[in-house]
Amino acid sequence: MDLGLAEKTVAVMAASKGLGKATALAFAMEGATVYISSRQEAELHKTRDEIISATNNKDVHAITCDVSDEGAITSFFTQVAEKSGGVDILINNVGGPAPGGFNDVQDSDWLSAFEKNLLSYIRTSRAVLPYMKERQFGRIVNISSSSTKEVIDGLILSNTFRAGMVGFAKTLAREVAADNILVNTVGPGRISTDRMTELNAENAKKQGISAEEMLGRSIAQIPAGRLGTPDEFAQIIVFLASPANAYLTGQSLVVDGGLLKAL
Ligand SMILES: NC(=O)c1ccc[n+]([C@@H]2O[C@H](COP(=O)([O-])OP(=O)(O)OC[C@H]3O[C@@H](n4cnc5c(N)ncnc54)[C@H](OP(=O)(O)O)[C@@H]3O)[C@@H](O)[C@H]2O)c1
């Protein structure tokens, strides 16, 4: 199936590793022009080089950007516009907020999680929409979490702001659908990345068991019987963000191997 991505310019935020990196790689494989960003320059450049050598697509570019920083977002999209005209497809992503329950987090944590995990997606969307409207084509896919469907104990910041993100995305989707701009949200269940390893280690510590045992218990809850791979997650994003998806918008999906029981 030709996804029609060869002529498209894609920005994947927070893409030096994990889900963002796998998503950027999958777009590069489809022949798109891909811009990746994250905070640490050396790691980001290494990822760009890896993607170029794995896909033979030389149109993969790295520009550092801390998405918590409005000025950095403006600078990132200005540079992309100068080089490629604008962004047809935006993949919003950022590292997860600090773990903790209600008594573990202060106002400063709430404010920084808002800026990092919700306001960043709003600001990046604002940056790309004028070009998408002018072209009468655009796709925005927001990476979220399964916590948008079923809250996860001990992750109050994630549970709160990702729910806000879904409300934002649904509303925006309805406002821009007539301009052929589709906005969707995709949440990972348990996908094998550094973030998943860190959360697993943290939960193991809390429960006084080994990380291996914790992982075994976690996998036992997944009907598919294993963690997902970043590439399996990325393939869903690439389809939703491609011209091949012409009518699905405003949706919030989870890619979880059957983990969630919520309808
Ligand atoms: N993996 C899962 O199963 C899972 C499950 C539920 C939710 N999620 C969520 O999905 C998202 C991606 O997860 P992941 O597993 O891929 O995480 P990861 O492996 O920890 O990767 C996070 C990426 O985000 C970048 N990043 C972090 N903060 C940033 C910032 N302020 N500005 C720009 N880039 C930033 C990191 O690079 P730098 O540090 O260099 O910036 C890195 O490239 C996270 O929000 C996570 O909470 C993942």
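Atoms within a ligand are numbered from 1 in the order they appear, just like the ligands themselves.
Residue-to-ligand polar distances keep Asn117 apart from ligand 1: every N/O pair is separated by 3.5 Å or more. Geometrically, ligand 1 and Leu19 share a nitrogen or oxygen pair separated by less than 3.5 Å. Residue contacts with ligand 1: Asn93 is placed with no nitrogen or oxygen under 3.5 Å of a nitrogen or oxygen of the ligand (distance criterion only). Checked by distance only, ligand 1 and Gly20 stay at 3.5 Å or farther apart across all their nitrogen or oxygen atoms. In terms of N/O distances under 3.5 Å, ligand 1 is not approached by Met196. Checked against a 3.5 angstrom limit, the closest N/O atoms of Lys17 and ligand 1 fall inside it. Considering both main-chain and side-chain atoms, Ser37 never comes within under 3.5 Å of ligand 1 through any nitrogen or oxygen pair. Taking distance alone, with nitrogen or oxygen atoms compared against 3.5 Å, Pro188 stays at or beyond that limit from ligand 1. Of the N or O atoms in Gly96, one or more lie within a sub-3.5 Å distance of an N or O in ligand 1.
Under a 4.0 Å heavy-atom criterion, Pro230 is not in contact with ligand 1. The closest approach between any non-hydrogen atom of Ser158 and ligand 1 is not below 4.0 Å.
With sequence neighbours excluded, the residues that form a side chain to side chain contact (heavy atoms under 4.5 Å, CB included) with Asp109 are Val105, Gln106, Leu157. Here Gln235 pairs with Ala26, Asp231 under the side chain to side chain contact (heavy atoms under 4.5 Å, CB included) rule; sequence neighbours left out.
A cation-pi arrangement is found for Lys8 relative to Phe137, the charged atom lying closer than 6.0 Å to the ring centre and inside a 45° cone about the ring normal.
Contact atoms of ligand 1 toward Gly95: 24 (O), 26 (N), 27 (C), 28 (N), 44 (C), 45 (O) (distance under 4.0 Å to a heavy atom of the residue). Of all atoms in ligand 1, listed by their number and element, those nearer than 4.0 Å to a heavy atom of Asp66 are 30 (C), 31 (N), 32 (N). Using a 4.0 Å cut-off to heavy atoms of Gln40, the atoms of ligand 1 that qualify are 38 (P), 39 (O), 40 (O). Distances below 4.0 Å separate heavy atoms of Gly18 from the following atoms of ligand 1: 16 (O), 19 (O). Which parts of ligand 1 touch Gly189 is read off a 4.0 Å heavy-atom cut-off, strictly below it: atoms 3 (O), 5 (C). Under a 4.0 Å criterion applied to the non-hydrogen atoms of Ser68, ligand 1 contributes the atoms 31 (N). When each atom of ligand 1 is checked for a heavy atom of Ile191 under 4.0 Å away, the hits are 1 (N), 2 (C), 3 (O). Atoms of ligand 1 lying under 4.0 Å from at least one heavy atom of Asp194, given by number and element, are 19 (O).
Salt-bridge annotation for Glu115 and Arg123: present, with a side-chain N of the basic residue lying under 4.0 Å from a carboxylate O of the acidic one. Ion pair Glu232/Arg226 flagged as a salt bridge, since at least one NZ, NE, NH1 or NH2 atom sits closer than 4.0 Å to an Asp/Glu carboxylate oxygen.
In plain terms, the two heavy atoms of Pro230 and Ile191 that are nearest each other are N-CG2, 3.5 Å.
Contacts between Arg190 and ligand 1, counted as non-hydrogen atom pairs separated by less than 4.0 Å, involve the backbone only. At a heavy-atom cutoff of 4.0 Å, ligand 1 is contacted by the backbone of Cys65 but not by its side chain.
Counting heavy atoms from C-beta on, the side chains of Asn92 and Ser120 never come closer than 4.5 Å.
Ranking the protein heavy atoms by distance from atom 46 (C) of ligand 1 puts Arg162 NH2, 3.7 Å first. Counting only heavy atoms of the protein, atom 9 (C) of ligand 1 lies nearest to Ser144 O, 3.6 Å.
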